[in-house]
Asks: 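Starting off with a structure, shown below.
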Amino acid sequence: MSLSTDPSSLENLTPSLESAPVDEHGDDESYEGNLSDRAQQIVNNLNAKRERDAKLLSEFKASLQAQVEKTCSLLEQHMYRTYDKKGVVFNRKLQELFSCLERVSTLKMELQDFKQDLKTFFQEME
């Protein structure tokens, strides 16, 4: 329940002062006491509504935190399942890459050997 700052909403909180009995003998103290009691009741009602608002907000916050934790947990589970699923493909592709790099290294060494042999061949021809 939210507390409105709209003055018209305070009408529900405040007991009508017009209905307060007035002592025909002019007993102002009793009238002031009655006004003081009514004002205290308004303050008490306001404080009670504020406490309910704070409790409601606290419950909402706890509920929201629980939802966030649940969603993050589901997201984390999905992420790791995806890692496991894609990891197999990734590892296969990584092995292919290393095989290609090894083949390139071998071919590079063979090319170096060929160049050396070709150089030797031309030197012998001279």
Side-chain angles (χ1 to χ4, degrees):
M1 174 185 233
S2 177
L3 181 62
S4 173
T5 57
D6 181 19
S8 63
S9 67
L10 293 177
E11 292 173 8
N12 298 340
L13 291 175
T14 58
S16 174
L17 297 178
E18 296 168 357
S19 65
V22 177
D23 189 353
E24 294 177 11
H25 301 289
D27 190 5
D28 289 334
E29 285 183 23
S30 132
Y31 181 71
E32 288 175 10
N34 194 15
L35 283 177
S36 177
D37 290 345
R38 289 176 186 257
Q40 185 61 49
Q41 184 61 40
I42 291 170
V43 169
N44 291 344
N45 289 346
L46 181 64
N47 287 337
K49 288 185 180 202
R50 286 181 176 173
E51 286 176 16
R52 284 192 302 267
D53 287 346
K55 182 180 177 186
L56 182 67
L57 185 59
S58 178
E59 290 170 356
F60 176 72
K61 182 179 176 183
S63 173
L64 192 58
Q65 286 174 336
Q67 282 288 1
V68 168
E69 287 180 24
K70 180 180 176 183
T71 301
C72 286
S73 176
L74 290 172
L75 181 61
E76 184 178 35
Q77 290 171 10
H78 177 72
M79 180 179 70
Y80 287 123
R81 279 194 307 263
T82 302
Y83 285 170
D84 290 342
K85 190 178 186 181
K86 299 293 182 181
V88 173
V89 174
F90 177 77
N91 286 336
R92 191 180 77 239
K93 296 285 184 183
L94 196 57
Q95 279 303 116
E96 289 176 18
L97 174 63
F98 285 131
S99 293
C100 286
L101 290 174
E102 186 178 327
R103 178 77 177 134
V104 166
S105 178
T106 302
L107 289 172
K108 186 177 175 183
M109 288 172 50
E110 288 177 7
L111 180 61
Q112 289 294 349
D113 290 344
F114 176 75
K115 286 162 97 180
Q116 185 62 40
D117 290 344
L118 190 62
K119 181 179 175 183
T120 305
F121 174 74
F122 278 116
Q123 285 176 350
E124 289 178 359
M125 295 240 348
E126 291 182 351

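Throughout, residue positions are numbered sequentially from 1 according to the sequence presented.
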Asks: Counting N and O atoms only, with roles assigned by atom type, does the side chain of T120 sit under 3.5 Å from a partner on the main chain of Q116, one being a donor and the other an acceptor?
Replies: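 Judged by distance alone, yes, a pair lies under 3.5 Å.
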
Asks: Return the set of residues passing side chain to side chain donor-acceptor pair (under 3.5 Å) with N91 (not counting sequence neighbours), or none when no residue passes.
Replies: none

Asks: From I42 CD1 over to R38 CZ, what is the distance, rounded to the nearest 0.5 angstrom?
Replies: 9.0 Å

Asks: Run the side-chain contact (heavy atoms from CB on, under 4.5 Å) test on L57 and K61 for me, step by step, so that the C-alpha distance in whole Å, both residues' side-chain angles and the decisive distance to 0.1 Å come before the verdict.
Replies: CA-CA 6 Å; L57 185 59; K61 182 179 176 183; 5.6 Å; no

Asks: Name all residues meeting the side-chain contact (heavy atoms from CB on, under 4.5 Å) criterion together with L75; count only those two or more places apart in sequence or in a different chain, and write none if there are none.
Replies: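 Result, side-chain contact (heavy atoms from CB on, under 4.5 Å) vs L75: none returned.
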
Asks: Are any side-chain N or O atoms of S36 and backbone N or O atoms of E32, one a donor and one an acceptor, separated by less than 3.5 Å?
Replies: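 Pair absent, no side-chain N/O of S36 close to backbone of E32.
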
Asks: To the nearest 0.5 Å, tell me how far N45 CG sits from K49 NZ.
Replies: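 Those atoms lie 7.0 Å apart.
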
Asks: With sequence neighbours excluded, what pairs up with E59 under the side chain to side chain donor-acceptor pair (under 3.5 Å) test?
Replies: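 Expected list: none.
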
Asks: Look up atom CG in N47 and atom CZ in R52, then write down how far apart they are to the nearest 0.5 Å.
Replies: 11.0 Å

Asks: Counting distance only, does the side-chain N/O of S58 pair as donor-acceptor with the main-chain N or O of A54 below 3.5 Å?
Replies: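 Checked: no pair found.
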
Asks: How long is the gap from CG on L101 to CG on L97, to the nearest 0.5 Å?
Replies: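 So the CG of L101 and the CG of L97 are separated by 4.5 Å.
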
Asks: Rounded to the nearest 0.5 Å, what separates atom SG in C72 from atom CD in E76?
Replies: 8.5 Å

Asks: With sequence neighbours excluded, what pairs up with Y80 under the ring-ring contact (aromatic ring centres under 6.0 Å, His included) test?
Replies: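 For Y80 the ring-ring contact (aromatic ring centres under 6.0 Å, His included) partners, ignoring immediate neighbours, are Y83.
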
Asks: Indicate yes or no: at least one non-hydrogen side-chain atom of L35 is less than 4.5 angstrom from one of Y31.
Replies: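 Counting from C-beta outward, L35 and Y31 do come under 4.5 Å.
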
Asks: Apply side-chain contact (heavy atoms from CB on, under 4.5 Å) to T82 and list each qualifying residue two or more places apart in sequence or on a separate chain.
Replies: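 T82: side-chain contact (heavy atoms from CB on, under 4.5 Å) contacts with H78, K86.
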
Asks: Give a yes or no answer on whether the side chain of T106 reaches the backbone of E102 with a donor-acceptor pair at less than 3.5 Å.
Replies: yes

Asks: Does atom CE (M79) have a neighbourhood of more than 12 heavy atoms from anything else shown, all under 6.0 Å?
Replies: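 Above 12, so yes.
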
Asks: Quick one, Q77 with L74, criterion side-chain contact (heavy atoms from CB on, under 4.5 Å). Give me CA distance, side-chain angles, the key distance, then yes/no.
Replies: CA-CA 5 Å; Q77 290 171 10; L74 290 172; 4.1 Å; yes

Asks: Are side-chain heavy atoms of L94 and F90 found at a separation under 4.5 Å?
Replies: yes

Asks: State the CG-CD distance between L118 and Q123, to the nearest 0.5 angstrom.
Replies: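 Here the rounded value is 10.5 Å.
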
Asks: Taking only residues two or more places apart in sequence, or in another chain, which ones meet E96 in a side-chain contact (heavy atoms from CB on, under 4.5 Å)?
Replies: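 Checked E96 against side-chain contact (heavy atoms from CB on, under 4.5 Å); matches are R92, K93.
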
Asks: May I ask you to test the Q40-N44 pair for a side-chain heavy-atom distance under 4.5 Å?
Replies: yes

